[in-house]
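Here is the naming used below: chain letters follow the sequence lines, and residue numbers restart at 1 for every chain.
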Protein chains: 4
Amino acid sequence: MCTAVYLNKGDKGGVFFGRTLDYDFSYGEEVVITPRNFPFSFRGMGECAKHFAFIGTAKVLDGYPLYYDAMNEKGLYIAGLNFVGNARYGEGGKGKGEIAQFELIPYLMCKCASVDGVIYELSKAVITGTPFNKEMPTAQLHYLVADGDRCITVECVKDGLKLYENPVGVLTNNPPFDYQLFNLNNYRNVTAAERSSDFGGGVQLDAYSRGMGGMGLPGDWSSQSRFVRAAFASANSTKTVGENDGVMQFFHVLNTAFQPCGICQVGQGQEKTIYSSCVSPQTGRYYYSTYESFGVCAVEFEGKDGNELVRYPHKAVGATVVNAKNK
Amino acid sequence: MCTAVYLNKGDKGGVFFGRTLDYDFSYGEEVVITPRNFPFSFRGMGECAKHFAFIGTAKVLDGYPLYYDAMNEKGLYIAGLNFVGNARYGEGGKGKGEIAQFELIPYLMCKCASVDGVIYELSKAVITGTPFNKEMPTAQLHYLVADGDRCITVECVKDGLKLYENPVGVLTNNPPFDYQLFNLNNYRNVTAAERSSDFGGGVQLDAYSRGMGGMGLPGDWSSQSRFVRAAFASANSTKTVGENDGVMQFFHVLNTAFQPCGICQVGQGQEKTIYSSCVSPQTGRYYYSTYESFGVCAVEFEGKDGNELVRYPHKAVGATVVNAKNK
Amino acid sequence: MCTAVYLNKGDKGGVFFGRTLDYDFSYGEEVVITPRNFPFSFRGMGECAKHFAFIGTAKVLDGYPLYYDAMNEKGLYIAGLNFVGNARYGEGGKGKGEIAQFELIPYLMCKCASVDGVIYELSKAVITGTPFNKEMPTAQLHYLVADGDRCITVECVKDGLKLYENPVGVLTNNPPFDYQLFNLNNYRNVTAAERSSDFGGGVQLDAYSRGMGGMGLPGDWSSQSRFVRAAFASANSTKTVGENDGVMQFFHVLNTAFQPCGICQVGQGQEKTIYSSCVSPQTGRYYYSTYESFGVCAVEFEGKDGNELVRYPHKAVGATVVNAKNK
Amino acid sequence: MCTAVYLNKGDKGGVFFGRTLDYDFSYGEEVVITPRNFPFSFRGMGECAKHFAFIGTAKVLDGYPLYYDAMNEKGLYIAGLNFVGNARYGEGGKGKGEIAQFELIPYLMCKCASVDGVIYELSKAVITGTPFNKEMPTAQLHYLVADGDRCITVECVKDGLKLYENPVGVLTNNPPFDYQLFNLNNYRNVTAAERSSDFGGGVQLDAYSRGMGGMGLPGDWSSQSRFVRAAFASANSTKTVGENDGVMQFFHVLNTAFQPCGICQVGQGQEKTIYSSCVSPQTGRYYYSTYESFGVCAVEFEGKDGNELVRYPHKAVGATVVNAKNK
């Protein structure tokens, strides 16, 4: 399914956001920059002619950017992840502003400079299940929302809108976030540190390998197991210095949830990690890698002052050949 | 520590070998091509002026290539992995040819065209603990040896030399290989397939996530857990078509054992995956990526007819910037 | 802590209820029969001079039976289990009848002939935290409630009173029941059946032992792990015939959650299973065994028509010596 | 299958031995006392008219006691447990004394006063697969051998006779004992103690239940999982005082490996714990309980000076009724 991570281990406040998209097929993802003057006509929130610019991965449909994850020029990041069976959107017509589910990322990207801003906007609105068009069913999603200081989870469930502080900076899929966070308690014994033999009764058990403190961590790719593994890697991640170090470390942490093709059959198909992203509020760069790529691509957050979407279809890069005669 | 994988899922017999090197510091690794006329003077096996050429990662010390993993021009691959506490080398002077541990990879690369050839050479020799020099203690290693048809594990233990068929194509570290293979039986319940609820008594349990058939797989980075995880990803790996597809899939499988920095403390340091490699007997290319690299490098297996080592120190490549004005 | 089980595997509708009490010390438990005319003066519900008789384990304080578990003459069973940190009782004075937490079991035993009756009574009342006296803090509990047809869980939490169908017939302690039930989904791969090797890729893994289908079940004594283990043993329990067979099977199932002394340190003490009980609505018998007992005791549900508590302090029986000269 | 335990936690050197027998049907077990003058005619070891007396559970066939477990008057205990697929007996005719597998327990009981004595006898003999008769295939077993000071494991495998010190005092079934002992290393993180949250990164995880330090222990009934669980309960078992306390604690420890009927299907049948035993060298008493019994029976080690087997078929005792009018 998907895994989103918020990593705050960089020097001088350096933070990084990003996600995987795990699925059995691709919709044709692109990195899309929405400039400040790209006009939005929100279904229930009216026109928006001028707003914050943002960058992220989207499927562009009929000229509209359906974002999977995005960061705006203020350093606010949102990722939408599958939440099938648990997402229940609200109903309109009750005096609150209405945001259609497919508009949620663009709307908040346009309006909000921070997590606090998102919380304020959501307090005034209801998220509805209004579909983009007749052919597209409403996506069932929940959201990781983060800025340089704070990370929250946003869920629309049958009891209404839920906002959770996200102290571990990780989101995957089902179950609801409070279950995921509670489940983490079951891993309070695991540790990245070297540990003595605690079995009891004077029985001396051998640390025949490095890394045995982590025993008990789950290794499959279900949503709970990816949550635990990414949370452990993130919590224990070493400090990083500067952009390159931070981005690489981010991808290494995120890749603890990476799905190689074959380990998860879905009908006749296979679920795999279609893309992984890392966004840097420090430089504005959107980094990504696709399943087929031998390297990471980066898109500069340029062209903020425009009125048309700037689109860079996801591409796979080849290996860097060191010594080929025709290099 | 380390993980080696032999993946045989390509079309038309396409196979790939490779490994991770996990450690808390680097010795300064290089991709080194040993050409056919690089002269070897083996401690107990005499001079070798002409032999198969080979390519791999090595530390070059006093002009001698101490290989971590290598493939020769016949498509024979060997990787040496830490086996601390269990490796016990033989004693010389008993009528058999003597191969010092540090010479084992070069010697077999020089002489053997296949796994069968390795088995034959080892039947005539004893592997001794003779150190490279006074400063370098003898490494305690065991070996994954593979060609296009077969994969074996080679271990020198207190009961002597052990050769095991390696039906899963994976090697990590302790314990000895027969224990590792037996331990895999404990994971016969896990599956990549979609599974029905089998709990019993009519209790219907929900598949709230894709991938739940893999529950029970271990998620830590100990040598047994990396073995199980890599074996599962490898066994279930989808078929690949051609070089690029095969190499990428190989890295994705191998990365299920990748160690991000922070999850394994070692004294004041941190163990991490220093490099990952993938070698293709189809093209002879040696692919690798370092912890700090945003992409995969490839070294062509060129210059086979020479008498001097050809050395390419490991390098990290940056991200491929898609839209920078100064690109 | 504690584990309660509702087992419905007997022939002709034979069902059994019971529980363990796990703690680091005993309060002095007794089997107590409350006859029909024992007068209750409920704090908020008034006098009750005539009611159903019931039998169970209680601590009698100032002549009042503080029940741990009990069954009444209609075959309604209730067990109260620790729920520390999650139990939040309601407030009185809002127009509903008030039942003090310590009165809950007696009140429902007095009034209700079935689970449906309990649900009805609870719909009209609020459970308050009114303590028994100044020295006794209010116990933080939740409840398994069952009759011959149905089993529910009753919890007072911060969101109010929650009633859950209990399809597995098991209750332990934290977390709230919806979390416990959801967590069971993580064990949908485990099975009591013989299973083929499903690892994938043609890897044949050996069933070196019987019972390997259960691999993945948790073996510790935390409340989630006891829940899973008891639910598995209960779901897969074989059919029983008659009272003795049913009671023995019940104890064997319940004992999958039994805590031997030593496996759970609590400060300077040790948590252990102080008593285990099994109640049969078919015969009215209350069976129990204490940690120190070599056998099961049974108390007949006699003396229903009285007005004084009939008390049988828990006792430990010795081994049955087969051949002693002085037997 | 089976679990044997050697528990050495009693005051004044009080130790206890015993086992479960887990199978899908019973052969008709009896407690059998073999007195000092019961004549043995060993197949390869000649006549034995006078020897140590011993007590244990056996199937008596054609007047011969086929022991499952036994203790002799010197306090030497041996239990034979299933070891199917790994047991390989030796061949006779090589100058060593020959002990048929079915004679092993009687022979050693007759001759040896201690574990040291057993080791000495086994050094002079070979254990052969000679069957009891044509209808009875040779049992494939391995053995826990213990006295008040020492516990060892005895295995006949394809590499010959193996004697292992048994530092945890537990034996179950496959795999061979060295694998079982090595596997225990994977549980060095589990503890009976209260543990702080060690997850890392400042993430505070809640101990929502007592006993969470044991998380990671396996809960199924495979031979490896029973080994781990019994070893943990045994290692952490509290000290006991006197016979009754010791025996009860022994049964509670042993019962962590108890198999309730239903959790392990075998063809059309069910494996369950047919009997559990505890033998006390302090009193000579052989305690046992059957699956159907509500209590523990004890057989005094009487009648040592005789020449005929004294047999007490296993029996099930009922519950002790506290208050029945007809009691």
Item to check | D:Tyr23 ring center near D:Phe25 ring center (under 6.0 Å) | outcome: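 Judged by ring-centre distance (under 6.0 Å), D:Tyr23 and D:Phe25 do meet the cut-off.
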Next on the checklist: Please rank D:Val84, D:Asn244, D:Asn255, D:Asp206 by heavy-atom pairs under 4.5 Å with chain C and give me the top one.
Outcome noted: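 Among D:Val84, D:Asn244, D:Asn255, D:Asp206, the one with the most close pairs to chain C is D:Asn244.
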Next on the checklist: Please rank D:Ser223, D:Pro260, D:Cys261, D:Gly211 by heavy-atom pairs under 4.5 Å with chain C and give me the top one.
Outcome noted: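 Among D:Ser223, D:Pro260, D:Cys261, D:Gly211, the one with the most close pairs to chain C is D:Cys261.
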Could you look at [X] and say if it's the side chain, the backbone, both or neither that has a heavy atom under 4.5 Å from chain D?
X: C:Val266; value: both
X: C:Lys315; value: side chain
X: C:Phe251; value: neither
X: C:Thr256; value: side chain
X: C:Ser293; value: backbone
X: C:Glu292; value: backbone

Item to check | C:Asn173 side chain to C:Arg226 side chain, donor-acceptor N/O pair below 3.5 angstrom | outcome: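 Judged by distance alone, the side chains do pair up.
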Next on the checklist: Using 30° and 60° as the class boundaries, would you call the ring planes of C:Phe232 and D:Trp221 parallel, tilted or perpendicular?
Outcome noted: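 Because their plane-to-plane angle is under 30°, the rings of C:Phe232 and D:Trp221 count as parallel.
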Item to check | Aromatic ring pairing D:Tyr275/D:His314, orientation class (parallel under 30°, perpendicular over 60°, tilted between) | outcome: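 The rings of D:Tyr275 and D:His314 stand perpendicular, inter-plane angle above 60°.
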Checklist entry - What's the verdict on ring pair (Phe, Tyr, Trp, His ring centres under 6.0 Å) for C:His252 and D:Phe258, showing C-alpha distance, side-chain angles and the deciding distance? => result CA-CA 8 Å; C:His252 290 323; D:Phe258 188 95; 4.5 Å; yes
Item to check | Backbone N/O of D:Asp220 and side chain of D:Arg229: donor-acceptor pair under 3.5 Å | outcome: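 Yes, the answer is positive, given that a donor and an acceptor are paired below the 3.5 Å cut-off.
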Next on the checklist: Taking side chain to side chain donor-acceptor pair (under 3.5 Å) as the criterion, tell me which of C:Thr3, C:Asp22, C:Thr290 meets it with C:Thr273.
Outcome noted: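 That would be C:Asp22; it is the only one of C:Thr3, C:Asp22, C:Thr290 passing the side chain to side chain donor-acceptor pair (under 3.5 Å) with C:Thr273.
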Pick from [options]: which one has the most heavy-atom pairs with chain D under 4.5 Å?
options: C:Lys9, C:Gln270, C:Gln249; answer: C:Gln249
options: C:Gly295, C:Ser209, C:Ala316, C:Ser237; answer: C:Ser209
options: C:Arg210, C:Met248, C:Met212, C:Gln224; answer: C:Arg210
options: C:Val253, C:Leu217, C:Val317; answer: C:Leu217

Item to check | Sub-4.5 Å side-chain heavy-atom contact between D:Tyr288 and D:Val299 | outcome: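 A side-chain contact exists here, since the closest heavy-atom pair is under 4.5 Å.
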Checklist entry - Is there a side chain to side chain contact (heavy atoms under 4.5 Å, CB included) between C:Tyr287 and C:Val279 once you walk through the steps? => result CA-CA 6 Å; C:Tyr287 299 86; C:Val279 205; over 6 Å; no
Item to check | Side chain, backbone, both or neither of D:Tyr208 within contact of chain C (heavy atoms, under 4.5 Å) | outcome: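 Contact with chain C is through both the backbone and side chain of D:Tyr208.
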Next on the checklist: Report which part of D:Phe294 has an atom under 4.5 Å of a heavy atom belonging to chain C: side chain, backbone, both, or neither.
Outcome noted: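 When you check distances to chain C, atoms from both the backbone and side chain of D:Phe294 fall under 4.5 Å.
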